[in-house]
Amino acid sequence: MLAIPSTSLVLALVLPFVSQEAPVRTALSAGDLFALELASDPQISPDGSRIVYVRRWADDHEDRWRGNLWCVSSSGEDHRPLTTGARSDGSPRWSPDGTKLAFVSTEGGSAQIWVRWMDSGQTARLTNLAEGPGNVAWSPDGRWIAFTSFVEESPEPFVAMPRAPEGAQWAAPAKVIRQVQYRADGEGFLREGHTQLFVVPVDGGTPRALTSGPFDVQGPLSWAPDGRALVFSSNRRADADLEPNDTEVWAVTFEDAKMRALTDRRGPDTSPVVSPDGKSVAYVGFDDRHQGYQVTHAFAVPFAGGAARELTAAIDRDIEGLTWNRDGRSLVVRYTTHGETMIGKLSLTGELTKLC
């Protein structure tokens with residue numbers, strides 16, 4: 001009959017062979033979230049020697065995400081911070097000559113555009129906006145920075161109320177809602193207004209609006225190589241609230257803010273980028289059939305005007321993140337297949353080659 005050793009005997013035999021240095025595995029807890037750090041929005045310098053990115057970290061005192069800018073050489077060496085402190089820095093963008101870096105920071109309180117001179121490390125606050133900027137983009141000559149910003153509107157009251165007597169304690173006025181999308185998760189009731197396009201000189205000055213009216217400008221923003229115009233996406237239909245996906249690619253001239261649509265179809269046309277020679281604009285979108293899901297394709301349209309051409313009609317993958325190669329003969333794109341995100345080279349004839 002086989003004798004079964006006691007528990008104490010088993011432990012006495014096994015414990016001497018258990019490494020005391022073996023790591024103890026514990027489950028991830030909610031508190032571990034504050035120890036996480038994330039890298040995002042990498043930006044390569046024009047000469048390819050350096051990369052600036054946003055290093056996000058969790059502030060356990062304020063219970064919010066913060067971000068600072070870090071820089072590393074393309075070889076992975078000389079890793080150093082450019083900004084520090086309990087603030088939110090983001091959207092780093094190199095100037096065309098690589099001597100300056102524009103970024104958005106809450107240093108001093110509200111989100112504003114700042115510029116850093118990379119040789120000296122000197123920084124200067126460029127804007128004093130009531131609302132935070134987005135979609136920062138340098139002009140080709142490095143003299144201007146384009147950006148978007150929300151402009152709050154104060155419509156006429158629904159009912160003209162009589163003036164309250166001095167010292168009276170009337171009930172709070174009724175909240176009148178005029179827009180279809182009036183609430184958002186994490187924000188509550190949305191303020192009335194629209195996102196417009198602005199430009200500001202790098203050597204200081206007052207931002208100038210290039211768009212206006214009851215329409216939103218969507219980024220990213222892309223300058224024409226000669227600096228005379230910018231392209232962006234916008235839904236400028238009179239019933240835009242009822243057809244939010246029907247955006248077009250628009251061009252606005254820098255000098256006199258004249259606008260013209262480059263696309264015209266039912267469906268979203270977004271993320272436009274001008275080719276290096278200024279002759280074409282690539283963008284993504286699809287013909288909206290009001291389905292739950294539709295594949296996003298890449299297109300190209302002449303900047304001067306004309307018919308758009310679909311580049312990925314034979315590809316059943318969502319295309320995003322368009323960037324022109326310097327020769328203007330192809331695009332670098334991002335797509336997902338079998339759960340993996342890929343970087344590919346897309347020719348103007350529709351051939352997609354995996355890069356990594």
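Just so you know, residue 1 is the first one in the sequence shown, and it goes up from there. Quick caveat, the model's predicted, so the values are computed rather than measured.
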Can you name the closest pair of heavy atoms from Leu190 and Gln181 and give their distance? CD1-O, 3.7 Å

Does any pair with a residue in residues 318-331 pass salt bridge (Lys or Arg N to Asp or Glu O under 4.0 Å), and if so which ones, sequence neighbours excluded? Glu320-Arg334

Side-chain heavy atoms of Glu192 within contact of Arg178, under 4.5 Å: yes

Can you list the residues that meet the side-chain hydrogen bond (donor to acceptor under 3.5 Å, both in side chains) rule with Ser75, with sequence neighbours excluded? Ser73

Is there a path of hydrophobic side-chain contacts, each under 4.5 Å between heavy atoms of I, L, V, M, F, W or Y residues, that connects Trp138 with Trp117? yes

Decide if atom CD of Glu351 counts as having more than 12 heavy atoms of other residues, nucleotides or ligands within a radius under 6.0 Å. no

Ignoring hydrogens and angles, tell me if any N or O in the side chain of Thr83 forms a donor-acceptor pair with the backbone of Leu69 under 3.5 Å. yes

Could you walk me through whether Asp59 and Arg66 pass the salt bridge (charged side-chain N to carboxylate O under 4.0 Å, His left out) check? CA-CA 6 Å; Asp59 186 341; Arg66 302 288 191 183; 3.2 Å; yes

Taking atom types as modelled and ignoring hydrogens, do the side chains of Asp269 and Thr263 form a donor-acceptor contact shorter than 3.5 angstrom? yes

Smallest heavy-atom separation, Lys100 atom then Val202 atom, equals CE-CG1, 4.2 Å

Short N-O contact, Arg55 and Glu37, less than 4.0 angstrom: yes

Considering all heavy atoms of both residues, which atom of Thr312 and which atom of Ala298 are nearest to each other, and what is their separation? OG1-N, 2.9 Å

Side-chain donor-acceptor pair under 3.5 Å between Asn68 and Trp57, yes or no? yes

Could you check whether any side-chain N or O of Glu107 sits under 3.5 Å from a backbone N or O of Arg125, counting only pairs where one atom can act as donor and the other as acceptor? no

Can a donor-acceptor pair be found between the side chains of Thr296 and Gln294 at a distance below 3.5 Å? no

Answer yes if the side chains of Thr127 and Gln112 hold a donor-acceptor pair under 3.5 Å, and no otherwise. yes

Mind checking whether Met118 and Val115 sit in one hydrophobic cluster, side chains of I, L, V, M, F, W, Y counted as touching below 4.5 Å? no

Mind checking whether Val301 and Val249 sit in one hydrophobic cluster, side chains of I, L, V, M, F, W, Y counted as touching below 4.5 Å? yes

Any donor-acceptor pair under 3.5 Å linking the side chain of Asp32 with the backbone of Ser29? yes

Around atom CD of Glu340, are there more than 12 heavy atoms of other residues, nucleotides or ligands at under 6.0 Å? no

Whether Arg93 and Asp41 form a salt bridge (side-chain N of Lys/Arg under 4.0 Å from carboxylate O of Asp/Glu) is what I want to check. yes

For the student: nearest non-hydrogen atoms of Leu82 and Arg116, plus distance: O-NH1, 3.1 Å

Please report, to 0.1 Å, the donor-acceptor pairs under 3.5 Å made by any side chain of residues 272-286, with sequence neighbours excluded.
from	atom 1	to	atom 2	distance (Å)
Ser275	OG	Asp277	OD1	2.6
Ser275	OG	Gly278	N	3.4
Ser275	OG	Lys279	N	3.3
Ser275	OG	Ser280	N	3.0
Ser275	OG	Ser280	O	3.2
Asp277	OD1	Lys279	N	3.0

Looking at Glu255 and Arg228, does any basic side-chain N land under 4.0 Å from a carboxylate oxygen? no

Look at the side chain of Thr211 and the backbone N and O of Leu197, then say whether any donor-acceptor pair between them is shorter than 3.5 Å. yes

Using modelled atom types and a 3.5 Å cut-off, is there a donor and acceptor pairing between side-chain atoms of Ser91 and backbone atoms of Phe103? no

When you measure from the centre of the six-membered ring of Phe303, is the NZ or CZ of Arg260 closer than 6.0 Å and no more than 45° off the axis? yes

Beyond-backbone contact of Val199 with Ile145, side-chain heavy atoms, under 4.5 angstrom: no

Backbone of Arg50 reached by a side-chain donor or acceptor of Ser45 within 3.5 Å: yes

Can Glu243 and Arg266 be counted as an ion pair, charged N to O under 4.0 angstrom? yes

Least distance between heavy atoms, Lys354 atom then Tyr335 atom: CB-OH, 3.6 Å

With no hydrogens and no angle check, just 3.5 Å: does a side-chain donor-acceptor pair link Thr247 and Asn235? no

Between Leu126 and Leu221, is there shared hydrophobic-cluster membership here, with clusters defined by ILVMFWY side-chain heavy atoms closer than 4.5 Å? no

Note, Phe150 side chain near Pro133 side chain (heavy atom, < 4.5 Å): no

If you take all heavy atoms of Tyr53 and His79, which pair is closest and at what distance? OH-NE2, 2.7 Å

Hey, is the main chain of Ala137 close enough, under 3.5 Å, to the side chain of Trp223 for a donor-acceptor pair? yes

Would you please indicate yes or no on a ring centroid separation below 6.0 angstrom for Phe254 and Trp144? yes

Are Trp250 and Val252 linked, directly or through other ILVMFWY residues, by side chains that come within less than 4.5 angstrom of each other? yes

N/O donor-acceptor pair under 3.5 Å between Ser105 side chain and Asp89 backbone: no

